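Report on the structure given below.
In what follows, chains are A, B, ... by sequence order, proteins preceding strands, each numbered from 1. Treat the numbers as computed from the prediction; the structure is a model and nothing was measured.
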Protein chains: 2
Amino acid sequence: MPLTPDPSVIAKMAMFQGLEADDLRDVMGNARTRRVAQGTRIFSQGDPAETCYALIDGRVKIVQTGAEGEQMIVHFIGPGEMFGTLAVFTGGGYPADAEAVTDCVEISWSAATMTELMHRHPVVAINTLNILGRRLMQVQRRLREISNERVERRIARALLRLVEHAGRPVDGGTAIDFPLSRQDVAEITGTTLHTVSRTLSAWEERGIVELGRQKVTIRDPDTLTAIAEDLPGQAPATASVRGGSGG
Amino acid sequence: MPLTPDPSVIAKMAMFQGLEADDLRDVMGNARTRRVAQGTRIFSQGDPAETCYALIDGRVKIVQTGAEGEQMIVHFIGPGEMFGTLAVFTGGGYPADAEAVTDCVEISWSAATMTELMHRHPVVAINTLNILGRRLMQVQRRLREISNERVERRIARALLRLVEHAGRPVDGGTAIDFPLSRQDVAEITGTTLHTVSRTLSAWEERGIVELGRQKVTIRDPDTLTAIAEDLPGQAPATASVRGGSGG
DNA sequence: TTATGAATTTGATGCAGCGCAAACGGGCGG
DNA sequence: CCGCCCGTTTGCGCTGCATCAAATTCATAA
C-alpha cells in the first residue's frame with residue numbers, strides 16, 4: 001500500500017477511461033495522496049467543497065444528517081471509486097459527511113484542478129456523467145423501494161447489495177469486508193437499530209445469516225434473495241420478527 | 001407557442017450556458033421539435049434510451065414503476081429542463097416513464113448527437129454534470145426525509161416544493177400549475193392516496209389549503225412551512241387526520 | 001483480572017398509517 | 001337532462017414498526 005500509488009490503479013478507474021498515458025500523468029501530477037486512519041472524518045456536511053477524492057484502498061461511508069440529527073447512509077465507497085465530487089460541480093458545501101470505516105488511502109484534487117482537467121479532457125467529464133448517472137439511478141430505485149416496501153425486504157436487499165459491493169468469501173458464506181453495525185444497517189434501510197437487530201436475529205435462527213459484533217456473514221444468499229424478491233416457496237419470518245411470543 | 005422555438009429559449013437553458021451563437025446553431029440544427037398532447041407517454045421505462053429531451057413548454061412527470069406495479073413520481077419537469085438524459089449517458093434503457101401532464105412542446109436529440117455535442121463543447125458536459133449533481137443531491141435529501149420523517153411532514157414539504165417549482169399566484173393563494181391528483185401526491189411522498197386525502201382535508205378545515213379535483217391551492221404557506229419544519233407554535237393536526245371523531 | 005463503555009438483544013406497549021370497503025360528487029358524453 | 005365514471009372522501013379494523021426501557025454480551029484499557 002505505497003503512498004505513491006501504482007499509476008495503473010488510476011488508469012483502471014472508471015473516471016479516467018479513454019485517457020492517454022500523457023493525460024494520465026497530467027491527472028496524477030495534480031493529485032495528492034494521503035493515508036487516513038479508520039474513523040477519520042474526511043469532510044463534513046456543509047464544508048465548502050474545495051476538494052474531490054478517489055479511494056485507492058479501504059472503505060468510506062457517506063452519511064447525510066438531517067436538521068434533528070437523524071442520519072442516513074447514502075453510499076459506501078470502495079477502492080477505485082470517486083467521492084466528494086458532487087458538490088464540486090454544483091458549488092456550495094458538501095451535502096454529506098465522509099468517514100473512513102477502515103484505514104484508507106485516498107487521492108484528492110482541488111475543485112479548480114478537476115474542472116480544468118475536464119475542460120482539457122472532455123472524456124473525463126463524460127465518464128463522470130456516466131458514473132453520476134448510475135448513482136442517480138441507484139438512489140432513485142432505493143427511493144422507490146424505501147417508500148413502497150416492507151422493512152424486512154429492505155434489509156434483505158441492503159445486505160445483498162453490500163455483499164455484491166463488498167463481499168469477501170469466508171468459510172461457510174460471504175462476509176462484508178468492513179465493520180458494519182446494526183445501527184449502520186438501520187441507517188441504510190431507514191429503520192431503527194432495534195428492528196434490524198430483531199430481523200437479523202430471526203434470520204440467524206433460520207440459518208440465513210451469522211451475526212457478530214459489527215459483522216454480518218451471509219450463509220444462505222438464496223433465501224435472502226427470496227425474501228428480497230418475495231419469491232414463492234419461502235415463508236416470510238414476519239411473525240417471529242416481533243417480540244417472540246408476544247402479541 | 002411556435003413549432004420552431006425562439007433560439008433565445010434554448011440559449012437560456014442551464015445546459016447550454018457558455019455556448020457561443022455559432023455553437024447554439026450547431027445544437028439547434030441537430031434538434032427536433034415536437035408538440036405532445038396531455039397524457040402522452042413520451043418514453044417508457046425499459047425502452048432503449050436513444051433520445052434525450054428538453055421541455056420548452058408544459059409539464060412532464062417522470063414515474064418509476066416497481067416489479068409489482070408500485071409507482072413513484074421521481075420528478076416533475078418544467079420548461080427549460082432536460083429529461084431522459086440519464087440513460088443516455090449510462091447506456092441501457094430509460095429508468096422510468098415520462099408522461100406529459102399538460103400539453104407540451106419538447107425538443108429532442110439522438111443520444112449519439114448529444115454525446116458528440118459534448119465532445120465538441122465540453123462546457124455542455126460540465127453544465128450537465130452540474131444539473132445532474134443537483135438532482136442527485138435533491139434525491140438524496142428526499143431519501144433521508146422519506147426514511148426519517150412522518151407522512152404529514154412529507155406531504156407538506158412536497159406541496160411547498162411543488163409551489164416553488166410550479167406555483168402560479170391566484171386569487172387568495174398559490175395554485176399548482178398543472179393537474180395534480182391525490183394519487184400523484186401519494187406517489188411523490190411514498191404513502192397512499194387515502195392518507196393524502198385525509199391529511200389535505202384536515203388542512204382544508206384549518207384553512208391552510210383549498211382543494212379541488214386534481215387541484216391544490218396553498219392559502220397559508222407559513223403554516224405549511226411550520227408543519228414541514230416542525231416549528232414551535234403550530235399544533236400539528238395529527239389527531240384530526242385520522243378518522244375524524246373515531247378512536 | 002476487573003472496570004468501563006459500546007454494541008446488541010429482548011420485552012412490552014402504543015399508534016401512525018395501511019388495507020379494505022363503501023359512498024359521494026361533479027363533469028362529460030349521450 | 002340523465003346516467004356513467006373517475007377522482008375523492010370517509011369509516012373502521014388491524015398490524016408493522018417505532019418507542020421506551022432494561023438486561024446482556026463483548027472489547028478494550030487500567
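Straight-line distance from the CD atom of B:E204 to the P atom of D:dT10: 9 Å, rounded to whole Å. Following rounding to the nearest Å, B:N148 (CG) and D:dA18 (P) show an atom-to-atom distance of 10 Å. Rounded to whole angstrom, the span from the CZ atom of A:R182 across to the P atom of D:dT25 amounts to 15 Å. If you take CG of A:L180 and P of C:dA6, they are 19 Å apart, rounded to a whole angstrom. A:E187 has its CD atom 13 Å from the P atom of D:dA18, to the nearest Å. For the pair A:E68 CD and D:dT19 C1', the computed distance is 16 Å after rounding to whole Å. Spacing between atom CD1 of B:I155 and atom P of C:dA16 amounts to 14 Å, rounded to whole angstrom units. For the pair B:L193 CG and D:dG7 P, the interatomic distance rounds to 10 Å; values are reported in whole Å.
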Distances under 3.5 Å between protein N/O atoms and the N/O atoms of nucleotides 18-26 of chain C, please, pair by pair.
residue : atom : partner : partner atom : Å
C:dC18  : OP1  : B:T191  : OG1          : 3.3
C:dC18  : OP2  : B:T191  : OG1          : 2.5
C:dC18  : OP2  : B:T192  : N            : 3.3
C:dC18  : OP2  : B:T192  : OG1          : 3.1
C:dC18  : OP2  : B:T195  : OG1          : 2.7
C:dG19  : O6   : B:R198  : NH2          : 3.1
C:dC20  : N4   : B:H194  : ND1          : 3.3
C:dG25  : N2   : B:R213  : NH2          : 2.3

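A:S197 comes within contact range of at least one nucleobase, with a heavy-atom separation under 4.0 Å.
Between B:F83 and B:Y53, the ring-plane angle classifies as parallel under the 30° and 60° cut-offs.
For residues 66-79 of chain B, every residue pair satisfying the side chain to side chain donor-acceptor pair (under 3.5 Å) rule, not counting sequence neighbours, is listed here: B:T65-B:Q71.
Salt bridge annotation for B:K61-B:D97: absent, with no cationic side-chain nitrogen under 4.0 angstrom from a carboxylate oxygen.
Under the 4.5 Å side-chain criterion, counting only non-hydrogen atoms from C-beta, A:I155 is not in contact with A:E152. Considering only heavy atoms from C-beta on, A:F76 stays 4.5 Å or farther from A:V60 through its side chain.
A:E187 and A:M72 get closest at one heavy-atom pair: O-CE, 3.1 Å.
For C:dT8, neither phosphate oxygen OP1 nor OP2 lies less than 4.0 angstrom from any side-chain nitrogen or oxygen of A:S201.
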